[in-house]
Amino acid sequence: MSVFIDKDTRLIVQGITGRDGSFHAKQMMEYGTQVVAGVTPGKGGQKFEGSVPVFNTVEEAVKETGANTSVIYVPPPFAADAMMEAAAAGVQFVVCITEGVPVIDMLKVRPYVIERGARLLGPNCPGAITPGQSKVGIIPGRICTPGNVGVVSRSGTLTYEVVNHLTKAGLGQSTCVGIGGDPINGTGFIDVLQAFENDPDTKVVAMMGEIGGTDEQDAAAFIKEKMTKPVVGFIAGQTAPPGRRMGHAGAIISGSSGTAAEKIDAFKAAGMGVAQRPIDFVELVRERLS
Amino acid sequence: MSVFIDKDTRLIVQGITGRDGSFHAKQMMEYGTQVVAGVTPGKGGQKFEGSVPVFNTVEEAVKETGANTSVIYVPPPFAADAMMEAAAAGVQFVVCITEGVPVIDMLKVRPYVIERGARLLGPNCPGAITPGQSKVGIIPGRICTPGNVGVVSRSGTLTYEVVNHLTKAGLGQSTCVGIGGDPINGTGFIDVLQAFENDPDTKVVAMMGEIGGTDEQDAAAFIKEKMTKPVVGFIAGQTAPPGRRMGHAGAIISGSSGTAAEKIDAFKAAGMGVAQRPIDFVELVRERLS
Amino acid sequence: MNIHEYQAKDVLRRYGVPIPPGEVATTPDEAEAIARRVGKPVMVKAQVHVGGRGKAGGVKFCPTPEAAREKATAILGMDIKGLTVEKVLVTEAADIGTEAYVGIIVDRATKKAVFMVSAAGGIDIEEVAATTPEKIKYFPVDPRFGLLPFEAQQLGFFLYQDAKQARAAGKIMQQLYTAFVENGCSLAEINPLVVTPAGEVIAVDAKMVIDDNELERRKDLEALRDESSEAPSEVDARNANLTFIKLDGNVGCIVNGAGLAMATMDLVKFYGGEPANFLDIGGSSNPEKVVNALRIITADENVKAILFNIFGGITRTDDVANGIVTATKQNPLKVPIVIRLTGTNEEIAVKILSDNGFTALTDMDEAVKKAVQLATEGGK
Amino acid sequence: MNIHEYQAKDVLRRYGVPIPPGEVATTPDEAEAIARRVGKPVMVKAQVHVGGRGKAGGVKFCPTPEAAREKATAILGMDIKGLTVEKVLVTEAADIGTEAYVGIIVDRATKKAVFMVSAAGGIDIEEVAATTPEKIKYFPVDPRFGLLPFEAQQLGFFLYQDAKQARAAGKIMQQLYTAFVENGCSLAEINPLVVTPAGEVIAVDAKMVIDDNELERRKDLEALRDESSEAPSEVDARNANLTFIKLDGNVGCIVNGAGLAMATMDLVKFYGGEPANFLDIGGSSNPEKVVNALRIITADENVKAILFNIFGGITRTDDVANGIVTATKQNPLKVPIVIRLTGTNEEIAVKILSDNGFTALTDMDEAVKKAVQLATEGGK
């Protein structure tokens with residue numbers, strides 16, 4: 001078991017002939033992900049790497065290959081359209097890696113995707129990986145190993161850092177999910193926490209948050225009320241100055257809400273373990289696994 | 001029993017201080033309808049006819065009076081907004097009498113109202129009446145009498161003509177519903193037929209259609225497949241020339257679909273009684289009631 | 001309301017749709033001057049609100065400005081299906097590779113704006129629909145999101161294999177959709193949508209029908225109305241807020257409500273007569289409307305009897321009675337009149353009428369029978 | 001991206017929002033001339049991207065053009081919270097009856113654009129939110145339908161009892177919403193929204209923040225950027241596609257990814273150091289970015305040690321290694337450097353670095369501890 005993706009994931013890569021799309025399509029194929037189709041309008045009929053059929057539209061790709069998941073590597077101005085196209089074609093899990101999607105576009109994408117019953121991860125996220133089964137996105141497969149730790153994070157490389165520590169310590173992962181830090185996205189902490197709670201293979205959850213907003217506080221409330229499984233949390237940005245945007249849309253503190261201290265307090269109030277440093281996850285998770 | 005409205009209907013009149021709104025509000029009150037509120041922005045705090053409180057917004061009117069139904073008499077450019085306001089405020093049955101609502105507006109009103117779980121009747125319709133209980137709209141109360149005939153029609157005065165015949169012949173009505181002839185409206189034949197099928201007090205249905213579109217054919221298919229109660233039908237426009245718009249948006253024949261002959265054939269194929277003249281309803285309905 | 005091809009093209013150009021240059025002319029001189037400005041072979045196209053212009057000789061290719069003058073001379077003033085050509089569009093003659101059809105209508109069945117596209121363009125889409133329906137793709141647009149780029153592109157790929165052409169067509173469809181919505185259309189179409197031998201996608205003919213209900217709030221659209229291309233009696237009726245359609249019979253009908261008006265016409269036929277018109281005085285009570293209705297009806301020399309059929313609901317029958325009295329005093333009738341009215345203020349109406357020498361009936365069948373009988377007698 | 005009040009007002013005027021006339025001036029002469037054109041008493045308002053201008057003396061009432069010159073002379077060149085005033089807005093001084101607040105933000109919690117309106121305007125809305133939250137009405141807008149007229153009017157009635165004023169405010173809110181959406185804003189506000197003694201509703205101050213992600217496709221909005229009102233090092237970083245924020249410490253940090261960058265700064269602090277900056281080189285691999293990052297970091301004289309922390313995923317660590325080698329060849333470093341890298345192409349990167357005399361670490365904690373130690377030693 002796992003969440004969102006597994007060995008039965010049949011993946012479409014939107015933007016497969018682009019620079020990022022082709023690089024990561026190969027990486028995902030090497031990892032063992034079933035990449036069943038690519039989409040690039042105008043390149044329909046070609047084969048990617050000699051084996052993966054390329055289509056003009058997601059609709060065709062789904063019809064011909066029975067794909068159930070899609071990952072998007074298209075430039076920001078076209079990303080919103082790509083997400084909606086995937087949802088309209090009946091794709092159940094849509095992962096958008098693209099960074100820099102205008103937030104005004106996302107205001108409409110979110111209800112569109114939800115209405116069509118699809119789950120959207122991202123945009124501006126590293127995707128998800130179920131070690132040993134399937135990788136959808138850009139999380140380096142090498143640093144992961146199968147196990148029982150569910151990982152969910154708002155950032156990319158910080159996730160890798162933590163996962164790397166866990167793997168080195170022999171603490172494998174059920175699924176790692178990067179939700180991205182954009183203000184309007186498809187999947188939030190609570191969605192992933194709920195999925196981990198329901199997943200028999202997840203025994204403990206590692207969660208990496210950031211300053212800005214109240215998503216972590218809301219997640220803490222959810223953990224306290226609804227979760228039986230232990231969760232260990234971390235907040236990046238304790239030294240960040242207030243009122244400044246720290247590199248992605250998520251990381252901004254304004255006023256009294258969204259500070260690291262406030263979020264850590266919420267974690268503690270929910271009875272969560274709190275990691276001070278990324279490496280602290282190792283001990284905190286280990287304690288809760290045994 | 002009845003459909004859509006009954007003695008528990010608590011009605012808001014939107015546009016109650018206008019020319020048509022005030023006239024018909026009085027008529028409805030005289031008929032015995034519980035008119036619990038009026039809405040005219042800027043006239044909040046006034047009393048209509050010394051007793052009905054007027055509010056600035058439908059939201060307030062619902063909150064203060066527990067209204068569950070609304071009828072709209074506002075000029076065409078504001079009608080779409082009025083329908084959405086009623087649905088947003090939690091009104092369950094919204095009746096729009098206004099004629100001349102731009103069809104482009106209705107394209108958005110329809111999904112808006114449906115999403116909010118409200119039923120819309122109209123626009124450009126005469127409303128509904130459950131004889132002896134409640135009248136919402138402009139159908140003359142005088143010509144109706146309680147009974148077991150459900151009446152549904154795309155037009156206004158033609159409905160009166162038929163109802164008048166029925167009443168004179170002693171054939172009372174459960175509810176009379178005018179759905180209006182606009183291309184995009186809230187409630188169609190099938191919705192009303194389903195409601196009559198479910199209503200224990202309705203024994204037979206009288207249905208008046210018009211040339212144009214395929215609503216009557218679709219209704220005939222529904223009657224054949226889903227209805228146990230007998231339905232008598234009529235189509236206006238047998239002598240109308242093709243390709244011309246006959247006075248309201250509904251009544252246009254184009255190409256091979258939408259002619260009176262085609263609709264009458266569909267009625268016959270569904271085993272329905274077919275009235276050649278309005279007065280024929282009397283005998284056809286009477287046969288099916290006994 | 002129909003607008004002319006040249007007007008529809010002006011609208012669509014504002015939304016970015018690629019359309020060959022052209023201007024409208026009302027004289028051969030103008031036509032020649034436009035052709036000269038275009039500087040290439042042109043088409044001269046009759047601007048009338050009726051289909052089948054081409055077959056009627058209203059569309060001609062002109063290799064030179066002189067030819068444009070000559071063809072414009074022939075087409076201006078031509079009668080096409082009863083309408084006189086007052087204007088021609090003089091427009092660059094496009095090189096035509098393939099012809100496709102792209103249209104949007106407000107669809108009663110899906111309750112949405114629906115795209116219809118077909119690679120079999122250039123002819124009547126209804127013919128395609130009847131004979132080879134598989135060649136048409138229907139696509140209902142979600143009004144909350146509009147026509148999304150990927151949807152437009154999918155429609156483009158239905159028309160063209162070539163990605164560049166599919167994208168160009170998709171872009172045109174998005175522009176057409178925006179124009180459709182922003183101008184309150186009930187129909188907008190490009191037929192043919194042409195791919196030139198050079199691979200460009202352009203709109204060679206365009207049609208737009210504006211929803212009549214839009215005109216009240218959009219005076220800029222109302223201004224596009226060309227009354228010269230409509231029957232004068234219908235223009236007159238519209239200006240009096242009446243809906244009127246002239247037919248060939250001899251029983252003039254004045255009714256309130258479209259459904260009842262059609263049922264009345266049907267009943268005229270049922271009892272052996274022929275209706276002379278459809279006329280709906282609408283819902284609101286206004287004696288002036290009755291006066292205008294009588295004026296329009298009696299202008300038709302075929303009318304041998306006049307039938308009023310009024311079921312008063314929102315319409316007050318006393319207003320109608322007053323209108324009849326006023327109108328007949330101004331212009332005494334030369335044909336018999338049958339008045340049926342019932343409903344709101346019926347007693348007052350009956351009194352007004354009988355005080356002025358009219359008889360009022362209350363039964364529709366009786367009134368229709370009598371009107372048919374009078375018309376038949378009068379026609380002898 | 002913040003834009004100035006005068007720019008936001010120009011945008012909102014295009015959407016029909018009633019705003020008193022005014023123009024921007026960069027010299028006292030211009031200010032006087034504008035005041036003369038306005039022909040009424042004016043306000044002279046410093047245009048800087050910082051709150052609290054008024055308290056800092058950057059907003060002055062001027063009854064005459066001469067006063068406008070005088071106040072402009074005082075305000076231009078003034079330092080407000082570290083920013084120099086380069087421009088002033090000279091605008092008609094409105095008669096103020098009541099002051100309300102109207103704003104829209106993109107809200108992370110509801111995932112919608114949310115209106116915030118309050119009759120308690122004129123001051124910082126965050127203060128109102130903190131002290132009297134019941135005075136603010138929040139209204140999330142359904143993005144599929146936009147702000148509907150009745151919704152806008154309801155918000156208007158929350159501000160004003162008077163129907164005319166409520167309607168006027170509602171109309172302004174619809175205009176503000178359209179401007180917000182069409183210009184890709186993350187925030188748009190009018191504060192105060194004023195009712196004049198004559199009963200007119202007008203916008204007296206306005207603020208807009210454009211989503212940075214919008215700028216790539218909207219060069220017209222990018223053109224509104226005023227680099228003179230930003231720290232030069234941050235302008236430099238942005239032009240190099242880096243996200244950089246200067247802080248006061250002595251450990252210069254170069255990291256890939258915002259989350260890891262913040263975690264690195266936190267770890268510097270944890271081990272007793274102080275980060276000199278936030279710097280995210282982003283996801284894509286490009287040696288040029290590393291060169292620019294080093295140039296920007298080393299321009300800060302406080303920096304006593306440089307810490308690279310790269311976890312290669314999409315970023316290829318060999319690209320980073322090449323960047324470090326290139327940059328340090330061009331401009332030899334004057335402070336020690338600690339390089340931690342792991343992930344994609346790690347072996348190649350380590351070889352490149354060791355071939356060029358650098359040592360690469362793979363453990364983050366170890367690297368941070370070493371950098372803090374070197375900075376502390378260097379700082380002595």
Side-chain angles (χ1 to χ4, degrees), chain A residues 12 14-18 37-46 53-64 70 72 74-91 94 96 98 101-102 104-118 120 184, chain C residues 16 97-98 100 102 104 107 110-119 134-178 181-182 193 195 198-201:
Chain A
I12 294 169
Q14 290 177 253
I16 197 166
T17 58
V39 171
T40 300
K43 306 222 167 153
Q46 298 185 3
V54 178
F55 298 90
N56 285 327
T57 69
V58 180
E59 192 181 42
E60 282 176 274
V62 169
K63 208 170 287 174
E64 298 296 324
S70 180
I72 294 167
V74 306
F78 310 108
D81 196 49
M83 291 180 248
M84 294 193 281
E85 181 177 2
V91 172
V94 181
C96 184
T98 308
V101 180
I104 287 291
D105 291 2
M106 288 309 301
L107 286 173
K108 284 203 173 176
V109 169
R110 195 178 142 86
Y112 186 93
V113 169
I114 289 172
E115 281 181 20
R116 277 147 192 86
L120 172 67
I184 312 290
Chain C
T98 64
V102 173
I104 324 174
D107 178 48
T110 55
K111 309 282 181 200
K112 291 200 170 88
V114 172
F115 262 91
M116 296 180 296
V117 305
S118 175
E134 71 283 1
K135 288 190 178 167
I136 304 179
K137 190 178 173 84
Y138 295 88
F139 183 79
V141 180
D142 186 331
R144 304 165 308 162
F145 294 95
L147 183 71
L148 297 166
F150 79 86
E151 295 171 333
Q153 193 171 276
Q154 276 175 11
L155 293 175
F157 275 117
F158 180 77
L159 296 181
Y160 308 120
Q161 297 251 306
D162 180 78
K164 196 167 140 275
Q165 289 167 19
R167 254 192 289 259
K171 198 171 160 199
I172 289 170
M173 286 185 240
Q174 287 194 286
Q175 292 160 338
L176 184 68
Y177 179 78
T178 307
V181 170
E182 292 190 356
L193 182 73
V195 178
E200 275 179 305
V201 184

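Note that the structure is predicted; figures quoted are calculated from it, not measured. All chains are named by letter (A, B, ...) in the order of the sequence lines, taking the proteins before the strands, and each is independently numbered beginning at 1.
Neither the backbone nor the side chain of D162(C) comes within contact range of chain A; no heavy atom of the residue lies under 4.5 Å from a heavy atom of that chain. For a residue to count as touching a neighbouring chain, one of its non-hydrogen atoms must lie under 4.5 Å from one of that chain's; by this rule R167(C) touches chain A with the side chain only.
Around atom CD of Q161(C), no more than 12 heavy atoms belonging to other residues, nucleotides or ligands sit under 6.0 Å away. When the shell of 6.0 Å around CD of E200(C) is examined, it contains 12 or fewer heavy atoms from other residues, nucleotides or ligands.
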Would you check, one step at a time, whether the test side-chain contact (heavy atoms from CB on, under 4.5 Å) holds for E85(A) with Q154(C)?
CA-CA 10 Å; E85(A) 181 177 2; Q154(C) 276 175 11; 4.0 Å; yes

Given side-chain contact (heavy atoms from CB on, under 4.5 Å), test F150(C) with T57(A) step by step and report yes or no.
CA-CA 8 Å; F150(C) 79 86; T57(A) 69; over 6 Å; no

Run the side-chain contact (heavy atoms from CB on, under 4.5 Å) check on F157(C) and E59(A) step by step: do they pass?
CA-CA 12 Å; F157(C) 275 117; E59(A) 192 181 42; over 6 Å; no

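Taken to the nearest 0.5 Å, the CD atom of E115(A) stands 6.5 Å off from the CG atom of D142(C).
When all heavy atoms of Q153(C) and N56(A) are compared, the pair lying nearest together is NE2-O, 4.4 Å. Pairing each heavy atom of E151(C) with each of Y112(A), the nearest pair is OE2-OH, 3.8 Å. Closest approach of R116(A) to F145(C), counting heavy atoms only: NH1-CE1, 4.5 Å.
In terms of non-hydrogen atom pairs under 4.5 Å with chain C, the most contact-rich of A82(A), G45(A), G42(A) is G42(A).
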